[in-house]
Amino acid sequence: MSEKPTIAISHLGCEKNRIDSEHMLGLLAQAGYAVDNNEDTADYVIVNTCSFIEAAREESVRTLVELAEADKKILITGCLAQHFQEELLEEIPEAVAVVGTGDYGKIVDVIERVEDGKRVKEITSEPTYIADETVPRYRTTSEAVAYLRVAEGCDYACAFCIIPHLRGKQRSRSIESIVNEAHSLAEQGVKELVLISQITTNYGVDLYGEPKLAELLRALGEVDVPWIRMHYAYPTGLTPKVIQAIQDTPNVLPYLDLPLQHSHPEILRAMNRPWQGRVNDGIIRRIKEELPDAVLRTTFIVGFPGETEDQFQHLCDFVQRHEFDLMGAFTFSPEEGTAAYNLSDQLPQEIMEERRDRLMSLQQPIAARKNQACVGQTVDVLVEQGKPNAGEFIGRSARFAPDVDGLVYLQGKASLGNMVKAKISHADVYDLYGEIISD
């Protein structure tokens, strides 16, 4: 029997895509394929692409072109494959397969067909698949952190977003399935689980007929893992029931990533955001009152078609009034296939970039002040990298999510993948610095 080919994965895009990559790696390893992280020596390279905005597509295409020029046999998976299947097969002759966002579970079969000399297009036009805890998974994050997908897809039709078109309607996993996977990750030494889906506050609606995030959080409270963090909590979904579950469940961090996108009611309506103008001062104040320790992170889109200077100023005032701990801002990117693509009043790129920079410069002193408030505190830090011999380590406190927020730079003695107590000695706009006081 001939030796099986070696396969490398080049991973691009969001953490939902990362989980797809991890399942593909797990399935390939289970089927006896050698998985290699060296793209130069591998027989095949799977490029798991992103197609969320123009910049992400450009990065995906750049990666594909570089590999094609190096004469690599490429399998294109993920959102770009779902989005531009025919074009990719036409433009990149080195592509031996395109695999859709709902088809990563068939990767072994796809490789076998490619090995038989076929050029494979495996794309379900309306993705319905979501891997559960029984699908093998090879984690690519640091040992102490794992992403835990609670649902896939989205039922909203926001005017700027291509995701429902690329990933299908919302489909939630059962509470039992998620908790089983959480237990197994905890047994592997994971100290932080990050719950992800498109809108985590909508978890369970499709499966149970109503949102079940509160029940899920309480069930995860039984898992032996110190930190459970939620991403993408739509503020109107933070009901009293969900807030109570966060308060009652010690390992659920009061860290809320609120994808607000804007503050002005007219822009929110034009964006076709759910509950449009209702994401207002009252909701943010209520969250702060009910969870006084909460770390609030958010993202905004500036330069949505038709955004006036006054509407942008409304957003600036909103940011100054609410003082979010952490904030990101993006310029609007017109995506073909979305409602906002053909809107008139598209703003020039330089105006969008100038607004983004103005908004971020308002946020910087706020972020610096929030970080400064940590100086003198003793906090738990999850240690993720370091030079043990030099006594230098890098980790995160509960304030910071992996990959998107700041870091904590530490001096002292620690072992990687563990929690330590650290005293914060100084801070800058993005990061904290401190001494380890106990391992």
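Predicted model only: the values in this text are computed from it and were never measured.
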Give a yes or no on whether the backbone of [Y] and the side-chain of [X] come within a donor-acceptor separation of less than 3.5 Å.
X    : Y    : result
Q346 : Y341 : yes
T249 : G221 : no
Q311 : P265 : no
Y156 : N272 : no
N17  : H11  : no
E290 : Q247 : no
T201 : L238 : no
N251 : V223 : yes

Side chains of [X] and [Y]: closer than 4.5 Å at any heavy-atom pair?
X    : Y    : value
E15  : R149 : no
T338 : C161 : no
L359 : M327 : yes

One thing to verify: whether [Y] and [X] come together as a salt bridge, which I'm taking to mean a side-chain N less than 4.0 angstrom from a carboxylate O.
X    : Y    : result
R358 : E309 : yes
D405 : R229 : no
D109 : K106 : no

Notebook entry, point to check: Can you list the steps and then say if F300 with L260 is a side chain to side chain contact (heavy atoms under 4.5 Å, CB included)?
Noted result: CA-CA 6 Å; F300 294 109; L260 296 178; 3.7 Å; yes
Are there over 12 heavy-atom neighbours, none belonging to [X], within less than 6.0 Å of that residue's [atom1]?
X    : atom1 : answer
Y138 : OH    : no
D224 : CG    : no
Q349 : CD    : yes
E210 : CD    : yes
K288 : NZ    : yes

Pair [X], [Y]: side-chain N/O donor-acceptor within cut-off below 3.5 Å:
X    : Y    : result
H322 : D281 : yes
E307 : H262 : yes
R171 : T128 : no

Next item on the list: Report the C-alpha separation of E353 and T331 in whole Å, then their side-chain angles, then the decisive distance to 0.1 Å, and conclude whether the side-chain hydrogen bond (donor to acceptor under 3.5 Å, both in side chains) test is met.
Entry: CA-CA 6 Å; E353 287 176 9; T331 55; 5.6 Å; no
Next item on the list: Name the orientation class of the two ring planes belonging to F304 and F332 (parallel below 30°, tilted from 30 to 60°, perpendicular beyond 60°).
Entry: perpendicular
